[in-house]
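Everything below concerns the one structure shown next.
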Protein chains: 2
Amino acid sequence: MTVSRVLRNRGDVSQATRERVLEAAKDLGYVPNKIAGALASQRVNLVAVIIPSLSNMVFPEVMTGINEVLDETSLQPVVGVTNYNPEREEKVLYEMLSWRPSGVIIAGLEHSDAAKAMLKAAGIPVVEIMDTDGLAIDACVGISHRRAGRKMANAILKAGYRNIGFLGTKMPLDHRARKRFEGFTEALAKEGVEIVDREFYEGGSALAKGREMTEAMLKRTPEIDFLYYSNDMIGAGGLLYCLDQGIKVPGQVGLAGFNGVELLDGLPRQLATMDACRIEIGRAAAQIIANRSTEKGDSGGGERIELTPKIQPGDTLRRR
Amino acid sequence: MTVSRVLRNRGDVSQATRERVLEAAKDLGYVPNKIAGALASQRVNLVAVIIPSLSNMVFPEVMTGINEVLDETSLQPVVGVTNYNPEREEKVLYEMLSWRPSGVIIAGLEHSDAAKAMLKAAGIPVVEIMDTDGLAIDACVGISHRRAGRKMANAILKAGYRNIGFLGTKMPLDHRARKRFEGFTEALAKEGVEIVDREFYEGGSALAKGREMTEAMLKRTPEIDFLYYSNDMIGAGGLLYCLDQGIKVPGQVGLAGFNGVELLDGLPRQLATMDACRIEIGRAAAQIIANRSTEKGDSGGGERIELTPKIQPGDTLRRR
DNA sequence: TGCGCTCATGTTAGCGATAAAGTCATTCTT
DNA sequence: AAGAATGACTTTATCGCTAACATGAGCGCA
């Protein structure tokens, strides 16, 4: 018991004993068993973070935000990856919940019924991130992708473009990309404009795919004067293609992507894009969990934070 | 006890009871408490994976390899990030070991004394990955970065370049980059060649930094005919800069990077690079842990797998 | 009828920590 | 100087499971 108190820095141990314990622990290479500790104290300093992928830059950046905040606390993130697969999500969630974490941060608002039931029944803070278009189980931090799509559509129309093509991922399960697309077409429709052409890809290097798709679309539909990409990586590929081909950007063809990835800073031209506030989302989500895990009186929960992405017009969204 | 048996699929339960249990569990939304289970059985299905960073593509790819293999088993990876900081590594390791995982996969061979002591004392399989230039604690999977540097140096010399500049990260703690650099200069020295200029960066967008550093170096040392970059991202920035400036690549200036990131496929020219075998490393490491966790008779351990990276000459390493 | 055997289920005793209450010298109070 | 208060430990019970053993019904076979 005294050892336990020393190692957790709880009061009521004399300086002398504290030192003796610490030294003995070091000599023995003693590492406390958190499993036993957690079982006894009914407290686990883990936060489950469930995200679809690590292989585009967006979720690692969210993780950065989460880490920033949790580093100040005794909480530790544990990452699970779903690959945009609802069954995997369910499994990963079950697995993580069975470790009784102090909170869950999970990407998206769309989950299987079973997953939703688990989250509700878990009795811990749940923060759904990235998206605010829909009903949250508990708290929620993100941006409205529908609104983001609309905003970009309006900016494009205002710049004078009318023959607009869309290029994106062939991922029925990427709900956020879908919502952006819906918002985009909706805002165009309001002005009587319809997408002229569209193209979807799957797998492979996004940059290369952006190149290929852009070539295909411009050949197929030469009258196109604007290309809206569902992410910056394919947008960058398209931009490089246009520059290669001597296509005037943004005079002849305008371009825009989505996300504001750091990569873009190094391109010959700045691609128009929209910041998805990823670090802030991570920070805010972690903050909600951290707050609730210290508060004694249950604060009710249900926080809802909608951030507003800003258009960064760069050099590719300007009718000259 | 019967419930426990049903949920873990251990024999000796009648079909009828099994179904009744499963149904009751579902009704109640019962999620077993792994903490208690682990404490009782002294078995934990977690594998600690400790890596320096998530924000360049290299570690996510290693994770992909690890996941591929562990998905076939009942093991689950748990990721910890150190930001190339030895103290953080120590802390993360301590935290993870206190959950008594079934194995540890950790990047690099350089760790603090305390970290090494913990790893040795943990009594579980430890696989150090990415690097084979040094002494492993237990098993080890990776490539020799020193050899990789030498190999690239020789390829560059063979192609006829002599005025070689080096551009890399200012990271005294990125031991692998350092070893590559050492191998590189060593092989050059053997042929009586010395690096003409060098430049290091810190933080910021690697692509943009590659651009800036390349510009700075070519202005400062115009006689340079080859640029060796410590990673593909800055190499890509340099390549874009050269193309922008109308510098003939690879005639006037040759370029090479390191890593073989997927991104490169979309560039106007293929940057010469070297594949670091990241997915294979992940797979092999996970396989070692998986094997050892099923074997009863201790297999001794100490596996050592050195993979051989291959030069991909691309379009930027060819004297015309 | 009784012995051994199998199969399904039940009991008991931990796993290694912590919460909460208990002990027992000291030190303070008035 | 007696009682209260404090400080520094100790003891005991418990967290929710699982290993290992115990039980006991049902069956075959001599």
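Just so it is clear: chains get the letters A, B, ... in the order the sequence lines come, proteins before strands, and each one is counted from 1. As a basis for the values below, the full set of heavy atoms in this structure was taken, side chains included, without hydrogen atoms, waters or symmetry mates.
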May I ask you to check whether Asn291(A) and Glu303(A) show a side-chain donor-acceptor distance below 3.5 Å? no

Give me each pair satisfying ring pair (Phe, Tyr, Trp, His ring centres under 6.0 Å) with a member in residues 108-146 of chain A, each pair once, sequence neighbours excluded. His145(A)-Phe258(A)

Please determine if a side-chain N or O atom of Tyr30(A) lies less than 4.0 Å away from the OP1 or OP2 oxygen of dA17(C). yes

Does the side chain of Arg8(A) get closer than 4.0 angstrom to OP1 or OP2 of dA19(C) through an N or O atom? yes

Rounded to the nearest angstrom, tell me the gap between atom [atom1] in [X] and atom [atom2] in [N].
X: Arg100(A); N: dG16(D); atom1: CZ; atom2: C1'; value: 9 Å
X: Gln42(A); N: dT14(D); atom1: CD; atom2: P; value: 13 Å
X: Leu39(B); N: dG16(D); atom1: CG; atom2: P; value: 12 Å

Among dC15(D), dA19(C), dT18(D), which is the nearest nucleotide to the side chain of Ala40(A)?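 Per side-chain heavy atoms of Ala40(A), the pick is dC15(D).
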
Rounded to the nearest 0.5 angstrom, the CG-CG distance for Leu75(A) and Asn67(A) is 11.5 Å

Anything under 3.5 Å between a protein N or O and an N or O of nucleotides 8-11 of chain D, put it in a table, one pair a line.
from: dC9(D); atom 1: OP1; to: Thr17(A); atom 2: OG1; distance (Å): 3.1
from: dC9(D); atom 1: OP2; to: Ser14(A); atom 2: N; distance (Å): 2.9
from: dC9(D); atom 1: OP2; to: Ser14(A); atom 2: OG; distance (Å): 2.5
from: dC9(D); atom 1: OP2; to: Thr17(A); atom 2: OG1; distance (Å): 2.6
from: dT10(D); atom 1: O4; to: Arg5(A); atom 2: NH1; distance (Å): 3.3
from: dT10(D); atom 1: O4; to: Arg5(A); atom 2: NH2; distance (Å): 3.3

Take atom CG of Asp27(A) as the centre, draw a 6.0 Å sphere, and report whether it contains more than 12 heavy atoms from other residues, nucleotides or ligands. yes

Less than 4.5 Å apart, any side-chain heavy atom of Glu95(B) and any of Lys34(A)? yes

Thr308(B): which residues meet the side chain to side chain contact (heavy atoms under 4.5 Å, CB included) condition with it, sequence neighbours left out?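 If we apply the side chain to side chain contact (heavy atoms under 4.5 Å, CB included) test to Thr308(B), skipping adjacent residues, the hits are Lys151(B).
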
